[in-house]
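The structure appears below as structure tokens.
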Amino acid sequence: MSEQSQLDPNTYDVHGVQDKWLPVWDELAPFKSGRADDARPTKYVLDMFPYPSGDLHMGHAEAYALGDVIARYWVHQGFNVLHPIGWDAFGLPAENAAIKRGENPQTWTYENIEMQKSSMRRYACSFDWDRVMNTCDPAYYKWNQWLFLKMYERGLAYRKDSAVNWCPSCQTVLANEQVVGGLCERCDSAVTKKKLNQWYFKITDYADRLLDDMSQLEGQWPEKVLLMQRNWIGRSKGAEVSFEIEGRAEPVVVYTTRPDTLFGATFFVVAADSDLASELATGTESEVAFNEYLEGVKAISEMDRLATDRPKSGVFLNRYAINPVNGERIQIWASDYVLADYGTGAIMAVPAHDQRDLDFAKKFDLPIRVVVESETDPAVTGQATADDGAHINSGPLDGLGKHEGIEKMIEILAERKLGTPATNYRLRDWLISRQRYWGTPIPIIHCPSCGEVPVPLDQLPVLLPDASDLDLSPKGTSPLGAADEWANVPCPKCAQPARRDTDTMDTFVDSSWYYLRYLNPQLDTAPFETAEANKWLPVDQYVGGVTHAILHLLYSRFFTKVLFDMGMVNFEEPFTRLLNQGMVVMDGSAMSKSRGNLVRLSDELADNGVDAIRLTMVFAGPPEDDVDWADVSPHGAKKFLARAWRLSGDVTSAPDVDFANGDLTLRKATHRAVADAQLAVETYRFNVAVARTMELVNVTRKAIDTGCGGADPAVREATQAVAIMLSLVAPYTSEEMWERLGHQPPMALAPWPIVDPGLLVEDSVQCVVQVNGKIKERLEVSPNISQDELRELAMGQASVIAAIAGATPKVVVVRQPKLVNVVLG
RNA sequence: GCCCCUGUAGCCCAAUCGGUUAGAGGCACACGACUUAAAAUCGUGCCAGUGUGGGUUCAAGUCCCACCAGGGGUACCA
């Protein structure tokens, strides 16, 4: 009571309730999930953890408001909910900010984390604050290194030379996701390729499982995300076929999805930038022309390469391959339309049935042979035909359709040992090396005599050297390379002078397993405890932006499968349900300073308070849709909260009053509202749940003012239901209402109202009687009227008899209790 | 180019299974109350036939086909 006296009981004080309840919640810790004696069933709600670049913004406000609805709902439903938060704290922005301001990336990062943490507390996120962790803590990245070494042991971490994305301005490699339209996402320079020796995770070993296990996620993840992952993995089935090359001892293998069109292969193309192309060109009269062409190809920027309507180019190598099924001598060309790193880097070209091959054939006047019957002639129309049809000009395949043709050809090739069935993937291994400072050092030591030597597990973590002694500005090699004292160490095997690997890991490694670290963020003997993992995981509900639809979610799924194979977890998919929230935009476009449409979260919170902003986010529309701040009304949300709050002051019955004697109409409305809201929350229609709550507030207001009055027990029942439903989105208002209603905090732990099915049943429902679909009569009938009874009743109505006018009904459709339709001839 | 999603009042959005006269909620607007007045607040009210054209059905916002518009994904993957 002493606390309440600080607030004016007649005025809804937005900031007053925040200041009042925040310390109380800190004290009561209603969302603590680690108690050993907790017998409640478990749920794990996970929000994608934030990157600590400055304070929270509108996007965070939306995402965390949505995750909170689910977490708080499950708590009210009696679950022991694990809802943790941490920071994805390694990464380039910290390094860039440090370079710009001359600060230490570590200082910058931890300052931002503290700022975000305090904003989140005030925003009343239902996090378990005992489980906080940051990926840049040595206690965390130690286990990145441990996992890396376990992967290395299993042959899943390896080094290779490869052409990687390189930004000549930033002087660093870029991940695929940092190349936008061929340009560096930060400085807009044209990205080039550079051959470097880098570390990779062998995610391609898991391609089939990553693809096939998606069937478990069907219906639980957005269809769009599953589709994007399927496309990204890009499994295709076909065959590998050997072609003899004149003047070369070894045959060359090509991959094709259409082995049935082999009789239509009229030339052969190798990727211009492949080793094979150079080898075939060397010593021929085309060598000079080829080298010129290759230089030209290398000079083309990534951006230009992406142009789809680029004309085909290439050079004849003056070499010939032999078509294995018909013995034909076919020309070998080099071109950049064949990719060196997909399949075998060489193809059989079937111009009649592949558009790219046809474009090439027409440009260089190469032969075109139709082998699958179609109405149009590709050579004339310029359109390759890929439809099913009968094979022609194909010897033993003649007359067969596409599917049988493929099978038959594979059979023939196998018999003659010229080919085998084969599967190819678009997915590439995951390049994890970064030439950056602010990341996890790769725990490998390079020894001149022993080669790659893993850092012994008992010497982990390999700590980052102090940034203040290093030049972090981009210069094309890792800043760690300059830390000689750090890098020069004796080889763990032979004790001779050796050198640490100076690259750091991609930060996607950090986020691939953080959901397991929350179980025991302080644990010093393992990344996590298997028993705890099997108790809490897989995550029941994951919430985050669709921007991570492919990379983060694919990598996390990969890690989980590796951990499963290592026997460390007993599940193979980490996230059971996934919700992708939309973005917060302004006037239809993404907010940005340069556009001048930035809405500051701190301003919005100051004007309307935490609850109103959370409510606005949730009520704006379906959670997957973008919230356009121009279309919503935080002020309206605040008004509604005041309206709801006012109810709690008008309830005059005692807290323990028996609802059974309350006004029946209001009781029914309450139970209907709770039942609807419950269903809406469970099906992600949070905006609808809010609308139901608003409706109940309106009905209760009327009951108090012009109906049964504030003393009726039903008014208390309704108002308490409002408070609980509201606690999913507006925890401060809800807690305040709960106290005014005579209850103890924390209201977050109050049980969800139990719906009485008896109160959902109506005494009577309206039934329409149609004749030929036109409404002739409305009847009040019992909800459990029988089909025959209703038919009889309807057919007896004067208006219906008049409308039928003596005709014989063709059919009478009865959908009791709501509809009868009499259909005349 | 290919693939996917979405089109409901001025605006944001609702509408288990196909089933009453499409409307739960909100914004905006109009009017009324309060006020010297205005703002704020409270109350009352208003508006579309579901992008277009076909089809299936006794019955279509809901299912099917085509087109149009908007949004997203992808980029020569053989």
Side-chain angles (χ1 to χ4, degrees), chain A residues 181-182 222-228 230-232 234-236 238 254-259 261 265 269 271 305-310 312 335-339 341-350 353-357 359-360 424-428 546 549-550 582 588 615-616 619-622 624-628 630-637 639-640 642-643 646 672-673 676 679-680 683 685 687-698 701-702 705-706 765-775 777-779 809-815 818-824:
Chain A
E223 198 47 49
K224 180 181 161 182
V225 174
L226 295 177
L227 186 72
M228 283 165 74
R230 282 197 184 97
N231 291 341
W232 187 262
R235 179 163 65 192
S236 79
V254 302
Y255 172 74
T256 175
T257 54
R258 293 294 304 276
T261 61
V269 189
R305 255 190 72 95
L306 291 176
T308 51
D309 50 357
R310 228 170 93 245
K312 292 280 179 285
S335 172
D336 64 355
Y337 88 89
V338 172
L339 307 176
D341 59 352
Y342 182 80
T344 59
I347 62 157
M348 64 180 217
V350 184
H353 308 295
D354 181 286
Q355 192 58 47
R356 296 152 302 179
D357 296 345
D359 294 344
F360 194 85
N424 250 300
Y425 304 89
R426 187 184 198 125
L427 181 71
R428 306 295 151 81
V546 73
I550 298 171
L615 177 64
T616 304
F619 183 55
E624 317 79 41
D625 288 7
D626 287 349
V627 176
D628 193 328
D631 291 335
V632 296
S633 171
H635 179 251
K639 258 179 14 184
F640 162 71
R643 244 167 92 72
R646 222 177 303 123
R672 170 54 59 197
D676 285 358
L679 179 66
T683 52
R685 286 143 59 238
N687 54 323
V688 177
V690 171
R692 291 288 169 266
T693 312
M694 291 175 166
E695 203 178 354
L696 183 57
V697 168
N698 292 344
R701 183 78 259 160
K702 281 208 178 82
D705 292 346
T706 59
V765 296
Q766 195 175 61
C767 173
V768 289
V769 184
Q770 303 173 325
V771 175
N772 281 343
K774 293 208 168 58
I775 293 167
E777 193 64 51
R778 276 162 228 285
L779 306 168
K810 198 167 96 186
V811 61
V812 181
V813 180
V814 182
R815 291 282 178 273
K818 291 173 84 175
L819 179 124
V820 175
N821 189 8
V822 181
V823 186
L824 306 178

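All chains are named by letter (A, B, ...) in the order of the sequence lines, taking the proteins before the strands, and each is independently numbered beginning at 1. Both backbone and side-chain heavy atoms feed into the values below; hydrogens, waters and symmetry mates do not.
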- Query: Which part of the nucleic acid, if any, lies within reach of Q770(A) when heavy atoms closer than 4.0 Å are counted: base, sugar-phosphate only, or nothing?
  - Reply: base
- Establish, with yes or no, whether the OP1 or OP2 oxygen of A28(B) is under 4.0 angstrom from a side-chain nitrogen or oxygen of H635(A). no
- With respect to the phosphate group of C42(B), does any side-chain polar atom (N or O) of R646(A) fall under 4.0 Å of OP1 or OP2? yes
Kindly give the atom pairs (protein nitrogen or oxygen, nucleotide nitrogen or oxygen) under 3.5 Å for nucleotides 12-17 of chain B.
| from | atom 1 | to | atom 2 | distance (Å) |
| --- | --- | --- | --- | --- |
| C12(B) | O2' | A620(A) | O | 3.1 |
| C13(B) | O3' | N687(A) | ND2 | 3.3 |
| A14(B) | OP1 | N687(A) | ND2 | 3.4 |
| A15(B) | OP1 | R685(A) | NE | 3.2 |
| A15(B) | OP1 | R685(A) | NH2 | 3.1 |

- Item | Out of C58(B), G43(B), G26(B), whichever nucleotide has its closest atom nearest the side chain of R815(A) | C58(B)
- By salt bridge (Lys or Arg N to Asp or Glu O under 4.0 Å), D628(A) pairs with (sequence neighbours left out) none
- OP1 or OP2 of G26(B) sitting under 4.0 Å from any side-chain N/O of N698(A)? yes
- Would you indicate what T693(A) reaches in the nucleic acid, counting non-hydrogen atoms under 4.0 angstrom: base, sugar-phosphate, or nothing? nothing
- Query: How would you list, by chain and number, every residue that makes a salt bridge (Lys or Arg N to Asp or Glu O under 4.0 Å) with D341(A), sequence neighbours excluded?
  - Reply: R428(A)
- Item | Residues forming a salt bridge (Lys or Arg N to Asp or Glu O under 4.0 Å) with R672(A), sequence neighbours excluded | D676(A)
- Any strand, both distances under 3.5 Å, Watson-Crick or G-U wobble: A28(B) pairs with none
- Do the side-chain N and O atoms of S236(A) and Y255(A) include a donor-acceptor pair separated by under 3.5 angstrom? yes
- Hits for ring-ring contact (aromatic ring centres under 6.0 Å, His included) against F360(A), two or more places apart or cross-chain, chain-then-number order -> F267(A), W333(A), Y337(A), F364(A)
- Query: Does R643(A) put a side-chain nitrogen or oxygen below 4.0 Å from OP1 or OP2 of G43(B)?
  - Reply: yes
- Message: Going by side chain to side chain donor-acceptor pair (under 3.5 Å), name the residues that satisfy it together with E624(A), two or more places apart in sequence or in a different chain.
- Response: none
- 5'-most contact on RNA chain B (nearest-nucleotide basis), Y342(A) vs I550(A), goes to I550(A)
